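Notes for the one structure printed next.
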2 protein chains.
Amino acid sequence: MKEGPDIARVAALLGDPARANMLTALMGGRALTATELAQEAGVTPQTASSHLAKLEAGMIVTPRKQGRHRYFTLSGPDIVEALEVLMGIANRVGHNRVRTGPKDPELRHARVCYDHLAGDMGVALFEGLTKRNLIESDLNGVALTAAGITFAGEFGIDLDALRSKRRPLCRECLDWSARQSHLAGSFGAALLDRFYDLGWARRGVESRIVRFSREGERQFRDLVNF
Amino acid sequence: MKEGPDIARVAALLGDPARANMLTALMGGRALTATELAQEAGVTPQTASSHLAKLEAGMIVTPRKQGRHRYFTLSGPDIVEALEVLMGIANRVGHNRVRTGPKDPELRHARVCYDHLAGDMGVALFEGLTKRNLIESDLNGVALTAAGITFAGEFGIDLDALRSKRRPLCRECLDWSARQSHLAGSFGAALLDRFYDLGWARRGVESRIVRFSREGERQFRDLVNF
DNA sequence: TAGATGCTTCGATTACCATCGAACTATGAA
DNA sequence: TTCATAGTTCGATGGTAATCGAAGCATCTA
């Protein structure tokens, strides 16, 4: 009974958890590399490569080669629209099957997204830094302000070291739990590292949960609630 | 990495060919029984039952019990929207992978949909009968007009025999190739049977293609082009 | 040049799920 | 009641696809 526009083929492409996670990550609007997408999806680079090949063949994502990286973006507004609609349905459905495992709230609160802070606290960090005028974001992305550069030095982050890497300093990353942005990029990662170093937080073993100490959470609030 | 609104879960539900065919059939807007959906999807009733249970659990379709039938409808406008967007993407993809097997154009032109005529000629039939005021359709469905009842008798169709079956006389069926309606229901099926009997057309062996003879196609055009 | 990193291909394994036959329940018709 | 039809559940089977380890290619850096 293979007939008609293969809606099943397209839906099946979006219907794999790993691929769906990749696509959700790409909803941020910025191009991501294959490796980043692999980590976002929680699979090995090989597996991710296979998935990306399928998505590319299905014209869901578009690759753009740059140096030894391959950056992927969603291949069109219709893909974005489809994902948004599906998110809406999934949320509707999700409300009814309230199976909040014990870890779930913690994951929503603070977790690692690749190597930076995500969850409610990640969003709070992004917003706090924006309010304090340490970062500013426009259509092209996010960047440190002059005040932000000063702040980074005071906070113990070596920006020059970060800049020597090819990875962008600041990047916006869409948060699934809050549907808002949190801070990614090497600066975002450095901030989380610094939180670890300062003893504000520890990373949960064998999970992506980030656990803040009481004192650490207080200091964090000072940082973002200014 | 199960996190976030389970867009994958929803997409996977739409990503099975059998389920996608059922949902496409339901895009016509009318409620269909489990058996009808099974035939539409080309699977056995058992398999269909399993699929429908999943779709129901996922809140994609809503069942309504009536007598010993279970009528299914799409559970909301968001589902319709999702299917439409996916159809659009699938069409776009289809354009680029132009693997039009030799049978493809013929399938688009005239084919069997379960037991009635679909494809361009199916759409032409629906429109022709409407223009001649033999059928009329509104939100509730399609029905024969008084003139249509007369016409049926003259054309050699025993309406009383059809009415004795529980199956609806006229039904609208959405056409994937033309995105328009063609005529289903027992009357639609009877028309196609009559075309066979009159020698206007033959059904292709082992395929769903309907092949009109030259003379048959001429007569058909007289019928619908009035 | 050598070494590191990003990404892919290949091959083997595993797990899931669609499918259908058979048997069962429920509703309606005679 | 008895028979037919609509629909389901159960169990077994098969095929497909996701996954990862290992190895390869490509690109950048030193």
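On a predicted model such as this, the values are computed, not experimentally measured, just so you know. Quick note on labels: first sequence line is chain A, next is B, and so on, each numbered from 1.
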Could you check whether the rings of A:Phe195 and A:Trp200 sit parallel, tilted or perpendicular, using 30° and 60° as the cut-offs? parallel

If I take atom [atom1] in residue [X] and atom [atom2] in nucleotide [N], what distance separates them, rounded to the nearest angstrom?
X	N	atom1	atom2	result
B:His69	C:dA26	NE2	C1'	12 Å
A:Tyr71	C:dC7	OH	P	8 Å
A:Leu32	C:dC7	CG	C1'	15 Å
B:Leu55	D:dT8	CG	P	12 Å
A:Arg64	C:dG6	CZ	P	17 Å
B:Leu52	C:dA18	CG	P	12 Å
A:Gln66	C:dG6	CD	C1'	14 Å
B:Leu37	C:dA18	CG	P	16 Å

With heavy-atom distances below 4.5 Å as the criterion, would you say the side chains of [X] and [Y] are in contact?
X	Y	answer
A:Leu198	A:Phe155	yes
A:Arg19	A:Leu55	yes
B:Leu191	B:Leu129	yes

For the side chain of A:Ser49, counting heavy atoms from C-beta on, which of C:dT8, D:dG7, D:dT27 is nearest? C:dT8

Regarding the side chain of A:Arg70, the nearest nucleotide among D:dG7, C:dT27, C:dT8 is C:dT8

Over all heavy atoms of both residues, which pair between A:Ser75 and A:Thr62 is shortest? Give the atoms and the distance, please. CB-OG1, 3.0 Å

In terms of heavy-atom contacts, B:Leu14 and B:Ala20 come closest through O-CB, 3.7 Å

Does B:Arg68 put a side-chain nitrogen or oxygen below 4.0 Å from OP1 or OP2 of C:dA29? no

Test item: A:Ser49 side-chain N/O and A:Pro45 main-chain N/O as donor-acceptor pair under 3.5 Å: no

Can you give me the N/O atom pairs linking the protein to nucleotides 17-20 of chain D at distances under 3.5 Å, or say none if there are none?
| from | atom 1 | to | atom 2 | distance (Å) |
| --- | --- | --- | --- | --- |
| D:dA18 | OP1 | A:Arg19 | NH1 | 3.2 |
| D:dA18 | OP1 | A:Arg19 | NH2 | 2.9 |
| D:dA18 | OP2 | A:Lys54 | NZ | 3.4 |
| D:dT19 | OP2 | A:His51 | NE2 | 2.4 |
| D:dC20 | OP2 | A:Thr44 | N | 3.3 |
| D:dC20 | OP2 | A:Thr44 | OG1 | 3.2 |
| D:dC20 | OP2 | A:Thr47 | OG1 | 3.0 |

